[in-house]
Every structure is written in C-alpha cells, then in structure tokens.
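In the text below, chain A, chain B and the rest are named by the order of the sequence lines, each starting its count at 1.
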Protein chains: 2
Amino acid sequence: MAYEREDWARRIEQVRSLRELALEFIRDAIVSGRFAPGQHLKERELAEAMGISTTPVKEALRVLEHIGLVQTVPRRGTYVSTAVNTSLHEINWMRAYLEGLAARWAAQKASDQAIDQLAVQLAEMRRLVESTDRDALAAANGRFHAMIRELAQNAVLASTLAQVAAVERVYRRRALQDDLEVTTGFAEHRGVFEAIRDRQPELAEARMRAHILRTADHVLLDVKGGPTG
Amino acid sequence: MAYEREDWARRIEQVRSLRELALEFIRDAIVSGRFAPGQHLKERELAEAMGISTTPVKEALRVLEHIGLVQTVPRRGTYVSTAVNTSLHEINWMRAYLEGLAARWAAQKASDQAIDQLAVQLAEMRRLVESTDRDALAAANGRFHAMIRELAQNAVLASTLAQVAAVERVYRRRALQDDLEVTTGFAEHRGVFEAIRDRQPELAEARMRAHILRTADHVLLDVKGGPTG
DNA sequence: ATATAATATCTGATATATCAAATGGATTGA
DNA sequence: TCAATCCATTTGATATATCAGATATTATAT
C-alpha cells in the first residue's frame, strides 16, 4: 500500500495529460504576453493550435479562470484578464500572504532533520550567488520556497501556492539580472531560514512576506519600465 | 458599452450553466459529508445522478481539484480529499489571511460613500442580531464580508475568496446556533468596520483575520464534537 | 443613407462515441 | 491454498457530433 502511494505520487509528477499541457501552454502564453489582455480565447482555435480536441482545453480554461488569469462570460467565451499585469500584482500579494503562512507553519512543524536539509539548500544557494549561473540560482531559490511549502505540511496551501508560483516563474528569473537583487534576495532567504530554524513563526512569516513583496515590486517595476530583460 | 458590461455582470449572476450546477452539487455533497473522504467520484455516476453528461462534470472536478477538496490521480480518477476536515481547516486559515488582506485594501481604497453603505449593512446586521432569524443574519454577515471583498477592488482576490467562502457557507450557519457566537461575531464585525472607516489598514487586517480564525475554531470544534446543529 | 429585420456563420455548451489504462474476477499452475 | 496470468468490465481521457445562443452580414424598407 505504501508502495502504491509512492507510485501515485510519482505518476502525478510524470504523466502529463493533454489537459496539463493545455494548461501550461495557455498559462505561459498569457503570462509571457503572447496572448494579449482582453483577447478572446476560442476553444476550437486553441485546440487546433495544439493539435488536440476541445475537451482538455475546456478543462484548462476552467482552472485558469479559477486562478484568475482569464474571465469567462457565460455563452460568450473566455477572455484573457483585461489587466493581466494588475492580476499578476494581485496574485503576488496573495502569494506573499500565503507563503508567509507557510513559513509560519514551517517554523512550527518542521522536524530538525528537515531544517538541516533546508540549511543544505541554503548553502547551495550561497554557492550559486557567487557563481554567474543565474538560471541555476533561480531554480535553487524556487526549490527553497518549495521546501518551505512542503514543511508547512498543508496540502491545500501547497497546491494553491504551487499554482501561484507557476505564474510567477516567468518573472522570477528576470529579477535576478540585477546583482543587488541577488545579494539582497539571498540575505532575505537566510533571514527566513534562521527564523524557521529558531522556531519563530511570527518572524518567519513577516520575513517571508516582506521578501516576496519587495521582490515583486522590483520585478513589476522592471516590467513597467520596459524591456530590460 | 457601459450598458453591455452591466448586462454581462448580470448574466454571470443569472445564467447557471450545467457546469456550475455540477460544481455546487459536488461541492456541497463533499462539504456536508454526503460524499465521504476518500470516496471515488466517478464521472459517469455523477453525470447520471444529475441527469447530465460527463463534460460539465469533468470541468467541475477540475475546479474542485484546484480548490483542494478533491485529488486527482492520472488515469485513476478523482477522489474526495482524504482529510476533508483538515482541508477545510487549512482552507479557512487561507481564507483568514486573504480576507485580512481584503480588509486592509478596503481600508485603503474604499470611498466614503462605500463606507456609508457598509455602515448601512452593519446596521441591518445589528437589527438581525436582535431577531431570531438566524438564516437572515447568516446571509447578512455573508453580504458584509462580500462587500469588503469588493471594496478591496481586487478581482483575483475577490474571485478566490468567493470560492473559498462557498466552501465555508455550509458551516457558517451552524456557528450561529450559539447566542454567544452571535453577539461576539457582531462585535467583531463592528470592529472590522470601524478600522476600515478610520482608515487603519493594519488594524482592519488583524481584526478580520482574528475574527475568521476564531469563528472557524468555534465551528470546527463543534463539528468534531458531534452533531450539535 | 440609415436603421431595422432576416439570415448565415461562428462559437460556447453539452452530449455521445471511442480508446486505452486500470481494476476485478476467473482460471490455471505450483 | 496461494500466486500469477489472462480476460471481461469499468472508467478516465480524449475526440467528435450536436444544439443553441451570439455575432456578423446582407437585404430591405423608410
């Protein structure tokens, strides 16, 4: 039985249904700006573009609607949220609050062993800060956040944040073009880690929230300012 | 054009697609316990039970998966979250944080006119506290929270919270069986209102969060304790 | 020329059909 | 008796067909 569970978990990671592919395809197109705000997302068009039928497309659109990237008007269709950048901003505030909550719970619930693993991850991040491989650093940072989400031991929170994080992914790397951002970001990550290690839930929450909000301001200002990346 | 927008908004309220009906049907069945934790939700069975096809059922299940009430294993099917009560608890914490965020923004952004409307709503709630119509009070309370969500002027946050609130709805009325809860709840609502009126975002957020967390503790303890309602 | 009505086309919503994976049971062999 | 294997059935995943509402277009009347 325990074996089967492992098996499932693995399968969830591995098997990519057309529905998931459609979700990724549409979501990335919206976040990256390939699909313009207000654009009418026609089911048949999308399906044809991906070479699949409309059924998985419909399912993906429902999830995107729930995330808030698109709006559906009954009998009229689904449209890219008219203010995607506003939406992204809003989503990021939500992420800051929820990931702060995750940090709080992590500080309360994480085992000493798990905290050791987090320390290892932080050391890896410190190493990458010195290097020039910004993609690797972005991935390691993402992993750090994911580990904290897991430490919170909260399935609903984790899955919600996983979705939100996927939206942010495109932006995150852009932030790391800036050297100051790299060092500031690392210092903040270390601060969050220390609060979790020292079992200070309030502090961990506050630091995590502040970290995400500051990073978002940085990135979104960057985006508004023009094509910097 | 302005006319058309009104029209759309109205339609979103009025037109109930089979997809929405399916969502409500399944969600309420899970929250109320009619569908047991771990139960396999078979698409064809559900569709037949509702007298519709599987297409809208699939869409509803995807949304429920995103909310966190069900889990989907690829090629195996969709199951009611094994720990619905835990999930509800988690969802409520998320709701507390996000609705706190909404209160914060409301305190920052609401127009004086909107605050007057909120005051009217609060007066209506005070009136209902004195009466014995607990259903009406529950509805009025829900409206109060919804108004604050709207005042935050944040589409993504509003839609997320609307979904979350729907999950809570079934529980909320149960809370109001208790007289103490009625008066405590009203006092807390008034506190939130005053913070928003006085333009104190931090205070509004803290009060709203504390209010929701306290109510949830109350209700969920009640549920665990046995059939009190 | 403009407005209105009639019609054709498009598109979302839904239903049904098809395919393949997964499950359960029967059967066979040790 | 138990385990492994094969087959029938179930069921999720996907594709396609159908229906109805919405949009665009054309025709007609004023």
Please write out each protein N/O paired with an N/O of nucleotides 6-8 of chain C under 3.5 Å, distance rounded to 0.1 Å.
none

Inset, instruction - Measure the spacing between CD of B/Gln71 and CD of B/Glu65 and express it to the nearest 0.5 Å. - result: 8.5 Å

Legend entry - A/Glu20 with A/Arg27: basic N within carboxylate O range, under 4.0 Å: no

Inset, instruction - Report yes or no: is there a donor-acceptor pair, N or O only, under 3.5 Å between the side chain of B/Thr55 and the base of C/dA15? - result: yes

Legend entry - Atom pair distance, as rounded to whole Å: CD in A/Glu59 and P in C/dT14: 14 Å

Legend entry - Identified side-chain contact (heavy atoms from CB on, under 4.5 Å) partner of A/Trp105 from the options A/Leu157, A/Ile148, A/Leu151: A/Leu157

Inset, instruction - Any chance you could list the contact pattern along nucleotides 7-12 of chain D? Use B for base contacts, S for sugar-phosphate-only contacts and - for none, protein heavy atoms under 4.0 Å, 5' to 3'. - result: ----BB

Legend entry - Between C/dC10 (C1') and A/Glu48 (CD): distance, integer Å: 14 Å

Legend entry - Donor-acceptor pair, side chain of B/Glu90 and main chain of A/Val156, under 3.5 angstrom: yes

Inset, instruction - Mind calculating the distance between CZ (A/Arg62) and P (C/dG12) to the nearest angstrom? - result: 10 Å

Inset, instruction - Could you tell me whether the phosphate oxygens of C/dT14, OP1 or OP2, come under 4.0 Å of any side-chain nitrogen or oxygen in B/Ser53? - result: no

Inset, instruction - Using whole Å, report how far CG of B/Leu18 lies from P of D/dG21. - result: 13 Å

Legend entry - Residues, nucleotides or ligands: over 12 heavy atoms within 6.0 Å of B/Glu48 CD: no

Legend entry - Over all atoms of both residues, closest heavy-atom pair of A/Gln39 and A/Arg34: OE1-O, 4.2 Å

Legend entry - Euclidean distance, atom CG of residue B/Leu23 to atom P of C/dT14 [Å, nearest integer]: 13 Å

Inset, instruction - Can you label the angle between the B/His211 ring and the B/His145 ring as parallel, tilted or perpendicular, going by 30° and 60°? - result: parallel

Inset, instruction - Could you point out which residue of A/Lys42, A/His40, A/Arg62 forms a side-chain contact (heavy atoms from CB on, under 4.5 Å) with A/Thr78? - result: A/Arg62

